[in-house]
Q: 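Please find one structure pasted underneath; my questions will follow.
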Amino acid sequence: MTASRCSARRFELGLVMAGAASAGAYTAGVLDFLIEALTAWQDAMASGNPLVPDHEVAIRVAAGTSAGGIAASLLSMLPFTGHYPMRDLAGVAAPADAENARRNLLYRCWVVDTDINRLLSTNDLRDPAAHVPSLLNGSILSEISDGAVADVRAALAGSPASPPPFFANPLQLYLCLTNMRGVPYVIRMVADEERRGHVVTSHSDYAHFAVLGAGLEAAGAVPRGAIPVNWPGTSGVPAADGWDSVRDAALATSAFPGGFPARRFRNPLSVYQARDWIGAAATAAARTLAVQIDLPELETDVYDFWCVDGGLLNNEPIEHVRRVLARGDTSSGAHDGRSADHALLLIDPFPDDGHRQEARPDTAPDLLGSLLSLIPVLRAQAAFKPEELMLALDENVRSRYLLSPKRETMRPAEGELASGGLSGFAGFMHEQLRMHDYQLGRRNCQKFLADHFYVHRDNPIVAPWVHRLSGTDALEGHHPMVADAGGPPYKRRDLVPVIPLMPCVRPEIPLRPWPKLSRKLDLQPVRGLIERRADIVVPELIRALLMRAGIGDRRLINRMLRAIASDMITRKVGRALSDAVEQDLLKRGLL
């Protein structure tokens, strides 16, 4: 165990939240139950009951990409806004009917406020001089994120309750970005005197924050290269408190190419200057000398760039979390259940990325086919991290865990998630899909904590309370039930949970039924919205393509538009999009 950890009986947890588009509702549900379980355990310890396990668990770091980045950002706000779990979600008809629908920040942002009518509205296209930013209206995401930041600031300006003890202070937050401008580096090599070396550009970027006051412990030092958030004395000063930067990074990581608009982000130059190069097979000193950042001389102390979806280049930001948790401890014992004092939990709604090996085509792809294949190819290659995922899937490794959707009642063709179709965008079509996945996330998290997230009873973090409870029914209730392949379940008395489930959170969370939408009431109105937005977007996209091709004569462009983008063509595009939505819902038994 490293000497820098706060307590000899403290288990540190790092969360990695993968990109997922609308299936981020599942990730939000996982976080909802995780915080509920931790809160119930802390309340039980505070009651003074000697039968309650008394070790510590602290969330030290959270990293996310795209939808996972939004979820991670919301998680960093919960120590200040408070958390109100969604315990009654199984039986409500509409999102707003749930008891904590407005008070639960995760649920409100992911389920209630993400409305298809607003996503397909056209108020972002009213300026005739502006370009088309995206297929969907991204202004709704700005409004949702502004509301979340306003909640945090209102809580801090009032009389906030003491922060929970299960967050570190500071809580580190990483949000992955695809930097369209890129960050230049120089690889030092022996060359002509005029050359400094080989210049390369990295577009895989990130925003790193240190959220102060998130935990009950005394604040530690702000990590090197992190942007401080909620610095003492900045409450009530929006320009200095850092929450706007968290909001901007969350929007930037979720800027899905084409689906949502590109977003601007400004990283302090000091952030880049403090970074160590990652990935070279050399010592830290050698890396610092061999690879150096090559930023230009700027008039300001910030590096300004536009971003698209962070998941394009780093959809599962495991390495950021691993480095924070390891703290330089590379001993092999860190992976063993008898000595592990930290763990990385990857929450991934699409662990296989929906990718399947396709048959080799008989003919070569044309120009458009080649260009359009680049994004899925880049995403798939960026997700290829076998050494990381092998550890996460190995039951004998107690420092890496994978939590992904599992629905016992799934029928053929349905999929685990209701939001899983249309490359993860299906959940935006209707609130019932997101409600289903949010509840599934809660249920899967409960089962994960009970059945998989455990250490050996001799681990020094848990050994004192295990010894104290030995021979009691209380200890028996904490041993997990496991089942070997093809065999009956049995109790593992050599294992105990990292996060014990208290009686109030132990009853099995029920599933919501698989959603069934109505063509008339649910699909037809959406069809109209899609076709209305296409009426504006399609001609403007064609206009932009013609201008990029060097055709600058507006009268000629207008004549060409009348020829190739007539009302009939535009309507066909809108109908094709609507038909694709309907076919996806039908195929997965949602309609």
Q: Salt-bridge test for Asp248 and Arg264: reply yes if a basic N is under 4.0 Å from a carboxylate O, no otherwise.
A: no
Q: If you measure from CG on Asn179 to OG on Ser204, what distance do you get to the nearest 0.5 Å?
A: 9.5 Å
Q: Indicate yes or no for a side-chain donor-acceptor contact from Arg181 to the backbone of Asp304 under 3.5 Å, with no hydrogens or angles considered.
A: yes
Q: Dump the intermediate steps for side-chain contact (heavy atoms from CB on, under 4.5 Å) on Leu325 and Arg323, then the final yes or no.
A: CA-CA 6 Å; Leu325 292 177; Arg323 290 170 64 233; over 6 Å; no
Q: For residues Leu175 and Ala250, report the shortest heavy-atom separation together with the two atoms involved.
A: CD1-N, 3.7 Å
Q: Give me each pair satisfying side chain to side chain donor-acceptor pair (under 3.5 Å) with a member in residues 26-37, each pair once, sequence neighbours excluded.
A: Tyr26-Asn444, Asp32-His83, Asp32-Asn104, Asp32-Tyr438, Asp32-Arg442, Glu36-Arg87, Glu36-Arg442
Q: Which pair of heavy atoms, one from Ala214 and one from Asn169, lies closest together, and at what distance?
A: N-OD1, 3.8 Å
Q: Measure the shortest side-chain to side-chain distance between Val462 and Val455 over non-hydrogen atoms and say whether it is less than 4.5 angstrom.
A: yes
Q: So that I can tick it off, tell me whether Asp113 and Arg102 are bridged by a salt bridge, with the cut-off set at under 4.0 angstrom between side-chain N and carboxylate O.
A: yes
Q: Any Lys/Arg nitrogen of Glu319 or Arg322 sitting under 4.0 Å from an Asp/Glu carboxylate oxygen of the other?
A: yes
Q: Is any side-chain heavy atom of Arg512 closer than 4.5 Å to one of Gln432?
A: yes
Q: Can you tell me how far CD1 of Ile70 sits from CD1 of Ile144, rounded to the nearest 0.5 angstrom?
A: 8.0 Å
Q: Going by heavy atoms in the side chains, are Leu119 and Arg533 under 4.5 Å from each other?
A: no
Q: For Asn100 and Arg103, test the side chains for any donor-to-acceptor distance below 3.5 angstrom and give the result as yes or no.
A: yes
Q: Does the side-chain contact (heavy atoms from CB on, under 4.5 Å) test come out yes or no for Leu269 and Val302, once each step is laid out?
A: CA-CA 5 Å; Leu269 284 179; Val302 297; 5.9 Å; no
Q: Tell me the closest heavy-atom pair linking Ser22 and Phe425, and the distance in Å.
A: OG-C, 3.6 Å
Q: So with a 6.0 Å cut-off around CH2 of Trp41, is the heavy-atom count from everything else above 12?
A: yes
Q: Side chains of Tyr84 and Leu105: does their closest heavy-atom pair fall under 4.5 Å?
A: no
Q: Counting N and O atoms only, with roles assigned by atom type, does the side chain of Glu56 sit under 3.5 Å from a partner on the main chain of Phe11, one being a donor and the other an acceptor?
A: no
Q: Less than 3.5 Å apart, any donor N or O on the side chain of Asn315 or Thr65 sitting next to an acceptor on the other?
A: no
Q: Please verify the inter-ring angle class for Phe453 with Phe448; under 30° counts as parallel, over 60° as perpendicular, anything in between as tilted.
A: parallel
Q: Are the side chain of Asp205 and the backbone N or O of Thr178 linked by a donor-acceptor pair below 3.5 Å?
A: no
Q: Rounded at 0.5 Å granularity, tell me how far CG in Leu402 sits from NE2 in His452.
A: 10.5 Å
Q: Side-chain donor-acceptor pair under 3.5 Å between Arg224 and Ser270, yes or no?
A: no
Q: Considering only heavy atoms from C-beta outward, does the side chain of Leu34 approach that of Leu15 to under 4.5 Å?
A: yes
Q: Salt bridge (Lys or Arg N to Asp or Glu O under 4.0 Å), that's the test. Do Arg153 and Asp241 meet it? Break it down for me.
A: CA-CA 9 Å; Arg153 287 177 171 152; Asp241 64 11; 2.8 Å; yes
Q: What is the minimum heavy-atom distance between Gly69 and Thr253, and which atoms define it?
A: CA-CG2, 4.0 Å
Q: Can a donor-acceptor pair be found, under 3.5 Å and without considering hydrogens, that links the side chain of Ser47 to the backbone of Ala44?
A: yes
Q: Taking C-beta and beyond as the side chain, do Val16 and Pro317 meet within less than 4.5 Å on heavy atoms?
A: yes
Q: Just wondering, do Arg118 and Asp115 contact through their side chains at under 4.5 Å, heavy atoms?
A: yes
Q: Flag the pair Arg60 and Glu12 as a salt bridge only when some basic side-chain nitrogen lies within less than 4.0 angstrom of an acidic carboxylate oxygen.
A: yes
Q: At what distance, to the nearest 0.5 angstrom, does OG of Ser419 lie from CG of Asp437?
A: 3.5 Å
Q: Return each pair, listed once, that meets ring pair (Phe, Tyr, Trp, His ring centres under 6.0 Å) where at least one residue sits in residues 148-181; pairs must be two or more places apart or across chains.
A: Tyr174-Tyr206, Tyr174-His208, Tyr174-His320
Q: Is any side-chain heavy atom of Leu171 less than 4.5 Å from a side-chain heavy atom of Val61?
A: no
Q: Is any NZ, NE, NH1 or NH2 atom of the basic residue among Asp151 and Arg108 found under 4.0 Å from an Asp or Glu carboxylate oxygen of the other?
A: yes
Q: Using atom types as modelled and distance alone, determine if a side-chain donor or acceptor of Arg434 lies under 3.5 Å from a backbone N or O of Gly427.
A: yes
Q: Under 3.5 Å, is there a donor on one side chain and an acceptor on the other for Ser139 and Asp124?
A: no
Q: If only side-chain N and O atoms count, and only distance matters, is there a donor-acceptor pair under 3.5 Å linking Ser121 with Asn137?
A: yes
